[in-house]
Amino acid sequence: MTGTWASLKDVWGSRELTSLLVRRELKARYKDSSLGIVWSLVRPLAQLLIYYFAIGQILGVARSIPSFAIFVFVGLTTWGLFVEIVQGGTTSITNNSGLIKKIYLPREIFPLASVGGALFNFGVQLIILILATIVAGQIPLDFNLLYAPLSLAVLISFATGLGILLAGLNVYLRDVQHLVEVAIMVLFWASPIVYSFSFVHDKLQGNWLEQLYLANPITVAVLGMQRAFWVAGTTESTSQNWPDDLAIRLWIALGISIVILWIGQRIFSRIQGNFAQEL
């Protein structure tokens, strides 16, 4: 086990190797594919169409949410980044067992490589999102756009902390990766991705259950991204509710996420000694 500062130095010293792992992961993902990175858009776009028609049109949710397609795509893009970091991180050690058995290197670089791959895909999807806002004539150019970097900082630090922790635990208990899949399905509906926060507020009226709902870092990160890119939610309808002090909630969530990241790394550092034997 090494201290946090020593671990950071080891990871920083292996930054070139981390970059190579990211490129290897991206090449393996799109190997023998004629469409290449276009596939990184297929899943979120397919989800967008499903939720747009099933929830927006058939269930009528779109009638109460302006620019429903952009609203959903903001949520799906943000959620996709979280899922890729956590799921990729969880299996990153077991998927690289051959390399880990042969040589010593900072094991944290494997879940961090998953973060790099997820950020690349997110960048492609973000470009499509920005183009969509331009086409729709709803370009986010006001101060609400400042919510985006803070929301991403919350999401990335929280997801990375979970990814590193789960990567270590998955070596000793392989059921972890299956539990993660179930947890992700539950968490999807615990954040306002395909429904507006207004529905939650109208039902709970700010009681302790609503505060518990807003204590989820993913929830406030999604809300922050919606506040940044979903222009219609702040201009076309006064019926759209936003949590009080969303910026303060995001800063608190960032602090909590950084603590979770530190705890995840410390636990990972404690249990990584027997990785080679367990893999």
Side-chain angles (χ1 to χ4, degrees), residues 1-33 36-37 39-40 43 79-124 155-185 187 218 257-279:
M1 184 185 70
T2 58
T4 302
W5 181 247
S7 297
L8 288 173
K9 289 175 63 177
D10 285 345
V11 170
W12 178 252
S14 302
R15 59 189 181 279
E16 291 185 8
L17 179 57
T18 305
S19 177
L20 289 174
L21 288 173
V22 171
R23 279 181 277 178
R24 186 194 69 172
E25 180 176 327
L26 292 173
K27 287 181 180 179
R29 183 177 302 180
Y30 304 121
K31 183 179 180 181
D32 298 327
S33 170
I37 63 172
W39 284 111
S40 66
R43 183 173 180 179
W79 174 253
L81 175 61
F82 171 78
V83 171
E84 278 202 56
I85 292 176
V86 173
Q87 286 190 326
T90 300
T91 58
S92 60
I93 299 297
T94 53
N95 287 347
N96 290 279
S97 58
L99 186 57
I100 291 172
K101 289 177 181 179
K102 292 178 181 178
I103 58 174
Y104 172 79
L105 65 171
R107 276 67 183 271
E108 290 93 340
I109 67 174
F110 294 106
L112 289 178
S114 298
V115 176
L119 286 173
F120 176 84
N121 287 332
F122 173 78
V124 175
L155 192 74
I156 293 169
S157 56
F158 181 62
T160 303
L162 290 180
I164 291 175
L165 172 62
L166 295 170
L169 296 178
N170 193 49
V171 173
Y172 297 93
L173 185 62
R174 302 299 170 87
D175 288 337
V176 167
Q177 63 193 68
H178 303 298
L179 291 173
V180 167
E181 294 176 1
V182 175
I184 282 174
M185 286 192 296
L187 286 173
I218 310 169
S257 298
I258 291 173
V259 171
I260 291 174
L261 175 58
W262 177 75
I263 292 174
Q265 192 281 324
R266 297 318 303 145
I267 295 176
F268 184 93
S269 180
R270 283 180 175 271
I271 65 178
Q272 69 172 324
N274 293 324
F275 280 181
Q277 293 89 331
E278 293 290 332
L279 289 170

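Between Arg23 and Leu20 the shortest side-chain heavy-atom distance falls below 4.5 Å. Annotation: side chain of Ser269 is in contact with side chain of Gln265 (closest heavy-atom distance under 4.5 Å).
The two residues Thr94 and Thr91 come nearest to each other via the heavy atoms OG1-O, 3.1 Å. Between Ser257 and Ser157, the shortest heavy-atom distance links the atoms CB-OG, 3.2 Å. For Val22 against Ala113, the heavy-atom pair with the smallest separation is CG2-O, 3.5 Å. Closest approach of Val180 and Gln87 over heavy atoms only: CG1-CG, 4.4 Å.
The salt bridge (Lys or Arg N to Asp or Glu O under 4.0 Å) analysis of residues 82-97, with sequence neighbours excluded, yields the pairs Arg29-Glu84.
A donor-acceptor contact shorter than 3.5 Å is absent between the side chain of Arg15 and the backbone of Val11.
Distance CD1/Ile267 to CH2/Trp262: 9.5 Å, rounded to 0.5 Å. Rounding to the nearest 0.5 angstrom, the gap separating the OG atom in Ser92 from the CD1 atom in Ile100 is 7.5 Å. Annotation: the span from Ile271 atom CD1 to Ile93 atom CD1 amounts to 9.5 Å, rounded to 0.5 Å. Distance check, rounded to the nearest 0.5 Å: CG of Leu99 to CG of Leu17 gives 7.5 Å. A distance of 11.5 Å separates CG of Asp10 from CZ of Arg107, quoted to the nearest 0.5 Å. To the nearest 0.5 Å, the span separating OG on Ser19 from CG on Leu112 amounts to 12.5 Å.
Ring pair Phe275/Phe268: centre-to-centre distance below 6.0 Å.
The only option from Asn95, Val176, Leu179 that meets the side chain to side chain contact (heavy atoms under 4.5 Å, CB included) definition with Thr90 turns out to be Val176. Checking each of Val86, Asn121, Leu119, Val115 against Leu81 for a side chain to side chain contact (heavy atoms under 4.5 Å, CB included) leaves exactly one that passes, namely Leu119.
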Could you walk me through whether Tyr172 and Asn274 pass the side chain to side chain contact (heavy atoms under 4.5 Å, CB included) test, one step at a time?
-> CA-CA 9 Å; Tyr172 297 93; Asn274 293 324; 3.5 Å; yes

Side-chain donor-acceptor contacts of residues 158-169 below 3.5 Å, not counting sequence neighbours, with atom names and distances?
unit_1, atom_1, unit_2, atom_2, d
Thr160, OG1, Ile156, O, 2.6

